[in-house]
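These notes concern the structure reproduced below.
Any value given below was found using the heavy atoms of this structure, including those in side chains, with hydrogens, waters and symmetry copies removed.
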Amino acid sequence: MASKMIPDPHKDAHALILDAIDQGTYRPGDRLVESELADRFGVSRTPIREALQRLETQRLLTRDGRSLIVASLDHAQMAELYAVRQELEALAARLAAQHAAMEEIQVLREMVEADRALLADPQALARANRRFHYQIHLASHNRYLVQQLDLVYRSMALMARTSLAAKGRGEKALAEHSEIVEAIAARDGERAARALRDHLSIAFVVRLKEEAQKSSG
């Protein structure tokens with residue numbers, strides 16, 4: 001039986017379920033049941049039902065007979081998602097180089113240093129990675145870009161495994177993060193955009209290799 005969680009009064013059922021998917025509580029292929037979700041989050045079934053319908057409309061859930069399950073991304077969808085993510089995040093880095101306050105840059109530097117303590121825990125590092133990228137989104141000072149990237153990251157939650165779990169990837173990713181931050185600090189928008197695009201390209205290659213190994217295993 002699912003353990004109960006203390007509901008966040010500032011989040012609705014949709015956000016609670018989305019967070020659970022993002023954190024890996026529910027993974028691609030897992031079946032979502034209204035009664036279990038209501039019990040887990042301590043809310044009534046009506047908002048849970050409405051949230052599930054909304055998540056299905058957003059294609060984060062899919063039908064398996066009469067059941068709703070967490071959707072998964074096929075190869076083509078993953079490639080499309082990374083293509084969009086690369087361009088949007090590169091734009092965020094370019095804008096951050098123009099608009100980020102010195103305090104925002106300092107926060108990014110401190111994030112990179114703090115994340116070194118998480119290298120032995122890929123899941124914790126993955127959560128920290130999302131926070132780092134989100135900080136760059138905010139540093140772009142463009143609310144419309146942040147909104148579009150929020151949509152992209154919702155779909156990223158459908159990837160069951162983080163690329164940071166690959167051997168040696170975490171340490172290299174942090175070096176890439178450092179390069180992005182220093183380009184932003186230098187106010188070099190093109191360098192920042194290129195560094196972030198390269199960072200995501202490497203992550204995609206790692207993920208493709210893992211998928212290939214999994215399918216041949």
Side-chain angles (χ1 to χ4, degrees), residues 15 18-24 60 73 77-119 121-166 169-208 210:
L18 195 59
D19 282 352
I21 295 172
D22 188 46
Q23 293 167 14
L60 297 177
L73 300 177
Q77 290 171 312
M78 195 184 305
E80 291 164 7
L81 186 60
Y82 263 95
V84 171
R85 185 185 175 199
Q86 280 182 302
E87 294 307 312
L88 291 180
E89 294 224 46
L91 175 57
R94 183 181 294 111
L95 292 176
Q98 297 174 21
H99 303 301
M102 288 306 300
E103 292 83 355
E104 290 176 302
I105 295 171
Q106 181 61 31
V107 167
L108 286 167
R109 282 181 170 143
E110 291 176 0
M111 281 181 163
V112 174
E113 290 307 309
D115 292 349
R116 297 189 193 284
L118 305 176
L119 285 170
D121 187 344
Q123 292 305 319
L125 188 59
R127 291 191 291 272
N129 178 67
R130 286 192 291 272
R131 290 192 294 269
F132 172 81
H133 281 266
Y134 185 61
Q135 189 63 32
I136 293 176
H137 305 169
L138 294 178
S140 75
H141 291 214
N142 187 305
R143 71 192 71 182
Y144 301 104
L145 179 56
V146 172
Q147 289 171 0
Q148 292 306 309
L149 280 163
D150 282 348
L151 293 175
V152 169
Y153 269 74
R154 285 182 190 175
S155 295
M156 291 293 296
L158 300 179
M159 295 183 182
R161 179 178 169 87
T162 173
S163 62
L164 294 169
R169 177 58 193 149
E171 190 170 350
K172 291 178 181 177
L174 291 183
E176 292 157 16
H177 282 184
S178 183
E179 167 61 21
I180 294 165
V181 175
E182 293 315 309
I184 291 172
R187 305 301 181 180
D188 189 336
E190 290 308 311
R191 176 183 155 201
R194 183 172 60 253
L196 210 155
R197 189 181 285 109
D198 289 347
H199 168 60
L200 294 180
S201 178
I202 294 168
F204 187 32
V205 168
V206 170
R207 193 176 292 279
L208 288 175
E210 288 188 333

Minimal non-hydrogen separation, [X] against [Y], with atom names:
X      : Y      : value
Ser163 : Arg207 : N-NH2, 3.4 Å
Leu164 : Ala173 : CD2-CB, 3.6 Å
Ile105 : Ala100 : CG1-CB, 4.0 Å
Ala90  : Ala193 : O-CB, 3.4 Å
Ala93  : Ile184 : O-CG1, 4.0 Å
Ala128 : Asp115 : CB-OD1, 3.4 Å

Stepwise side chain to side chain contact (heavy atoms under 4.5 Å, CB included) check, Met78 with Leu81 | CA-CA 5 Å; Met78 195 184 305; Leu81 186 60; 5.7 Å; no
Can you sort out the partners of Gln135 under side chain to side chain donor-acceptor pair (under 3.5 Å), two or more places apart, ordered by chain and number?
->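 In terms of side chain to side chain donor-acceptor pair (under 3.5 Å), with neighbours along the sequence ignored, Gln135 is linked to no residue.
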With Asn129, which residues qualify under side chain to side chain donor-acceptor pair (under 3.5 Å), at least two apart?
->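 Side chain to side chain donor-acceptor pair (under 3.5 Å) check on Asn129 returns His133, His177.
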What residues form a salt bridge (Lys or Arg N to Asp or Glu O under 4.0 Å) with [X], not counting sequence neighbours?
X      : result
Glu171 : none
Arg194 : none
Arg127 : none
Glu190 : Arg94

Before giving the answer on side chain to side chain contact (heavy atoms under 4.5 Å, CB included), spell out for Leu95 and His141 the whole-Å C-alpha distance, their side-chain angles and the decisive distance to 0.1 Å.
-> CA-CA 7 Å; Leu95 292 176; His141 291 214; over 6 Å; no
Atom pair [atom1] ([X]) and [atom2] ([Y]), whose distance is rounded to the nearest 0.5 Å:
X      : Y      : atom1 : atom2 : result
Arg197 : Leu91  : CZ    : CG    : 9.5 Å
Ser201 : Glu176 : OG    : CD    : 9.5 Å
His199 : Leu174 : NE2   : CG    : 9.0 Å

Counterpart residues, side chain to side chain contact (heavy atoms under 4.5 Å, CB included), relative to Ala15 (two or more places apart) =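 Result, side chain to side chain contact (heavy atoms under 4.5 Å, CB included) vs Ala15: Lys11, Asp12.
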Only pairs at least two apart or in different chains count here, so list each salt bridge (charged side-chain N to carboxylate O under 4.0 Å, His left out) that has a residue in residues 130-139.
->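 Sorted pair list: Asp22-Arg130.
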Pairs meeting criterion salt bridge (charged side-chain N to carboxylate O under 4.0 Å, His left out) with involvement of residues 99-109, two or more places apart =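 Listed by first then second residue: Arg109-Glu182.
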Any pair counted as ring-ring contact (aromatic ring centres under 6.0 Å, His included), so long as it reaches residues 79-103, sequence neighbours left out |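 ring-ring contact (aromatic ring centres under 6.0 Å, His included) check on residues 79-103 returns Tyr82-Phe204.
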Intermediate values then yes/no, side chain to side chain contact (heavy atoms under 4.5 Å, CB included), Arg169 and Lys172 = CA-CA 5 Å; Arg169 177 58 193 149; Lys172 291 178 181 177; 3.9 Å; yes
Show me, pair by pair, the donor-acceptor contacts under 3.5 angstrom made by side chains of residues 142-152, not counting sequence neighbours?
| residue | atom | partner | partner atom | Å |
| --- | --- | --- | --- | --- |
| Asn142 | OD1 | Tyr144 | N | 3.2 |
| Asn142 | OD1 | Leu145 | N | 3.0 |

Do Ile136 and Glu89 come within less than 4.5 Å of each other through their side chains, counting heavy atoms only?
->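 No, too far: nothing below the 4.5 Å cut-off.
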Please name all residues satisfying ring pair (Phe, Tyr, Trp, His ring centres under 6.0 Å) with Tyr153, sequence neighbours left out, ordered by chain then number.
->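 Partners of Tyr153 by the ring pair (Phe, Tyr, Trp, His ring centres under 6.0 Å) criterion, ordered by chain and then number, come out as His137.
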Take Leu200 and Arg85, measure what side chain to side chain contact (heavy atoms under 4.5 Å, CB included) needs, and give me the verdict at the end.
-> CA-CA 8 Å; Leu200 294 180; Arg85 185 185 175 199; 3.4 Å; yes
